Structure formats: structure tokens, C-alpha cells
Amino acid sequence: MRLPRPRVRIGLPRTRTGQRRAVQAVAAVCTLALAPAAWMFTAAEGRIGTVAQAPASGVAVVFGAGLWDGEPSPYLAHRLDAAVELYRAGKVKAVLVTGDNGRAEYDEPDAMRAYLVKHGVPDRQVVSDFAGFDTWDSCVRARKIFGVERAVLVSQDFHIRRAVALCEAAGVDSYGVAVGAVRDTTWYYGTTREVFAAGKAVLDAAFKPDPRFLGPKESGVARALADGR
């Protein structure tokens, strides 16, 4: 004979004090969850705009956004198009492309370089960072390895605030160009992902860990800026 399972009732506490404490606990959890996003918005306040609004900064930093069959994904292509506009407008003289080359068959920076050169940016003005495994790594390496002190950052609207906030924390005076995007599945995924990525961003900015790979300093950006004069 199978005994009946006891019923478990889940609900708000019955006393006013208990209810008040439950509401306070929920409010505290919500506040903690939203705090990282609030930090990002505050850190990037007044530092995001269009290609036309971007200040002349010498260097543009373009973050990787995936490859399709070895070519820049549509989202990455839009970022690179904005970098081409910045170069043509004289806002930047060098473009630092930073992305993932963690395995031989996947090379974001070289694909990004090829796209830029194909669209009119001289090869000598493009600098590749092959160890930009995430946004924090890219920002730290831009400052410590490539000597970038001031830059225009290029990314989609859902990512650009985090990029600006992290590069500022890494010591790069940053202005973000927010590239528009179609509200498709990728956009909604990226927007949702940012909610969770904000927590890591706060920790990165606070504790400033070394990137996955640091390596020796490189003079590519300095040479590109000198050639662009």
C-alpha cells in the first residue's frame, strides 16, 4: 500500500513581520543582481555615441565577434565597417583588432585584418592581438602590451558599455561607438548574456587579474601611429 505524500505549501509568511522581511530579502537580491549593470552604465556615461560623434583618438579597438566559415560573422563585419568609417574620417590612424586565436583553425584577428584591408584600410595600419580571449583580456593587453592610452572602442550596442567600463578600469581612456544591430536571436542572446557578464566585469575591474596570456610588449600600435602621420 502506497502512503500519500505529504503536501508542501509554499507561500509568504503569515505574520506582517515575516512578510516584510521576505519583501526586504527579495529587494536585496534584486539590488545585488542589478548593481553590476548599474556600475557599467555609470562608468560608460557620456562615453558612447556614433562614428560621427567619436573624438579623434588615434587608435580604434575592434573586439572579435565570431567567424562563419573563416570569415567575419555579420555582427563582426558591422563592427569592422564602423572601424573603416573611423579611419576614412580621420578619427583613427591605427586599428587594433583583438580576438581569439586559441587554436590553429580559428583565427579571428587575421580574418578581421583581411576584411579591413579589403575595405581600404592599409595593412600597415592594422595591428593584431591574437590573445583577446575576452573583453577584460583585450582591454588589459591593449594597455600593457600595445601601449594604448586612448582609444575608440567598437562593438554592438549591447556590449559597448561593458567594453568601455572595463577598458577604463584597465587604464585606457575610452569612447565607445555603438554599432546598431537587427533585433534577431543573436541580439537577444547577447543582451541576455550581458546581464550575467556584468558580474564578472565588476570582479575584473575590482581585482584586475592578469589576462590569460600577457606576453612581451609589442610596438605595432606605435609603428602604425607613426606611419599614419
Side-chain angles (χ1 to χ4, degrees), residues 40 59-84 94-119 121 123 125-148 151-167 169-170 172 174 176-179 181 184-201 203-205 208-218 220-221 224:
M40 288 196 313
V59 183
V61 178
V62 185
F63 299 86
L67 303 178
W68 287 9
D69 296 325
E71 299 292 329
S73 67
Y75 271 62
L76 181 52
H78 291 328
R79 298 181 187 187
L80 295 166
D81 289 339
V84 171
V95 181
L96 176 62
V97 292
T98 175
D100 187 352
N101 182 214
R103 56 190 189 277
E105 68 276 11
Y106 188 84
D107 189 345
E108 281 187 323
D110 273 352
M112 295 161 76
R113 173 189 289 274
Y115 187 98
L116 290 170
V117 172
K118 181 180 179 180
H119 289 79
V121 180
D123 184 73
Q125 305 308 126
V126 183
V127 182
S128 298
D129 174 12
F130 295 98
F133 297 117
D134 63 18
T135 304
W136 174 249
D137 283 13
S138 293
C139 291
V140 173
R141 285 178 54 79
R143 182 69 186 90
K144 291 186 176 183
I145 302 304
F146 296 94
V148 177
V152 176
L153 313 181
V154 184
S155 190
Q156 264 71 32
D157 50 5
F158 56 77
H159 172 247
I160 194 63
R161 290 185 181 275
R162 179 160 61 93
V164 170
L166 286 176
C167 279
V172 180
S174 304
V177 168
V179 179
D184 57 6
T185 303
T186 302
W187 186 89
Y188 285 107
Y189 167 78
T191 302
T192 302
R193 180 177 178 273
E194 286 302 306
V195 176
F196 300 96
K200 179 181 180 299
L203 295 176
D204 286 338
K208 295 179 169 51
D210 285 335
R212 193 183 314 177
F213 179 80
L214 193 59
K217 293 185 177 181
E218 299 186 21
V221 169

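What you see is a predicted model; the values in this text were computed from it and never measured.
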Asks: For Asp69, check side chain to side chain contact (heavy atoms under 4.5 Å, CB included) against everything at least two apart and list the hits.
Replies: none
Asks: Quick check for you: to the nearest 0.5 Å, what is the distance between Leu96 atom CG and Phe146 atom CZ?
Replies: 5.5 Å
Asks: Could you give the distance from CZ (Phe133) to OG1 (Thr98), rounded to the nearest 0.5 Å?
Replies: 9.0 Å
Asks: Work out which heavy atom in Thr135 is nearest to a heavy atom in Ala163; give both atom names and the distance.
Replies: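 Shortest heavy-atom contact: CG2-CA, 3.8 Å.
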Asks: Under the salt bridge (Lys or Arg N to Asp or Glu O under 4.0 Å) test, which residues partner Arg143, sequence neighbours left out?
Replies: Glu149
Asks: How long is the straight-line distance from CG of Asp129 back to CG of Asp137, given to the nearest 0.5 Å?
Replies: 8.5 Å
Asks: What pair of heavy atoms forms the shortest contact from Val179 to Ala82, and how long is it?
Replies: CG2-CB, 3.9 Å
Asks: If every non-hydrogen atom of Ser128 is compared with every non-hydrogen atom of Pro109, which pair is closest and at what distance?
Replies: CB-CB, 4.0 Å
Asks: Quick one: does Asp107's side chain get under 4.5 Å of Phe130's, heavy atoms only?
Replies: yes
Asks: CG of Asp204 to CG of Asp134: how many Å apart, nearest 0.5 Å?
Replies: 6.5 Å
Asks: Taking C-beta and beyond as the side chain, do Lys144 and Lys217 meet within less than 4.5 Å on heavy atoms?
Replies: no
Asks: Parallel, tilted or perpendicular, judged at 30° and 60°: which one describes the rings of His159 and Phe63?
Replies: perpendicular
Asks: Quick one: does Arg212's side chain have a donor or acceptor within less than 3.5 Å of a partner on Ala131's backbone?
Replies: no
Asks: Tell me whether Asp100 contacts the main-chain N or O of Gly132 through its side chain, where contact means a donor paired with an acceptor under 3.5 Å.
Replies: no
Asks: Please work out whether the ring planes of Tyr115 and His119 are parallel, tilted or perpendicular, with thresholds of 30° and 60°.
Replies: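 Parallel, since the angle between the ring planes stays under 30°.
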Asks: Is there a donor-acceptor pair under 3.5 Å between the side chain of Ser73 and the backbone N or O of Gly66?
Replies: yes
Asks: To the nearest 0.5 Å, how far apart are CD in Gln156 and CG in Leu76?
Replies: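 It is 8.5 Å, given to the nearest 0.5 Å.
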Asks: Might you point out which heavy atoms bring Val97 and Val126 nearest each other, and give the distance in Å?
Replies: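 Minimum heavy-atom contact is CG2-CG1, 4.2 Å.
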Asks: Look only at the side chain of Lys208 and the backbone of Ala205, and say whether a donor-acceptor pair between them is shorter than 3.5 Å.
Replies: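 The answer is yes, because a donor-acceptor pair under 3.5 Å joins these two groups.
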Asks: Determine whether a donor-acceptor pair (N or O, by modelled atom type, separation under 3.5 Å) exists between the side chain of Glu218 and the backbone of Ile145.
Replies: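 Such a contact is absent between Glu218 side chain and Ile145 backbone.
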Asks: What heavy-atom pair brings Ala83 and Val95 nearest, and what distance separates the two atoms?
Replies: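 Taking every non-hydrogen atom into account, CB-CG1, 4.3 Å.
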Asks: Checking the side chain of Arg162 only, and the main-chain atoms of Ala198 only, is there a donor and an acceptor separated by less than 3.5 Å?
Replies: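 No, Arg162 side chain to Ala198 backbone: no donor-acceptor pair under 3.5 Å.
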Asks: Would you say that Val62 contacts Met112 through its side chain, given a criterion of any heavy-atom pair below 4.5 Å between the two side chains?
Replies: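 Side-chain contact under 4.5 Å: yes.
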Asks: Which pair of heavy atoms, one from Pro211 and one from Arg141, lies closest together, and at what distance?
Replies: CG-CG, 4.1 Å
Asks: Please tell me if the side chains of Gln125 and Leu116 come closer than 4.5 Å, counting only heavy atoms from C-beta onward.
Replies: no
Asks: Kindly say whether Lys200 contributes a backbone atom to a donor-acceptor pair with the side chain of Trp136 at under 3.5 angstrom?
Replies: no
Asks: Give the C-alpha distance, both sets of side-chain angles, the deciding distance and a yes or no for side chain to side chain contact (heavy atoms under 4.5 Å, CB included) between Leu153 and Cys167.
Replies: CA-CA 9 Å; Leu153 313 181; Cys167 279; 3.8 Å; yes
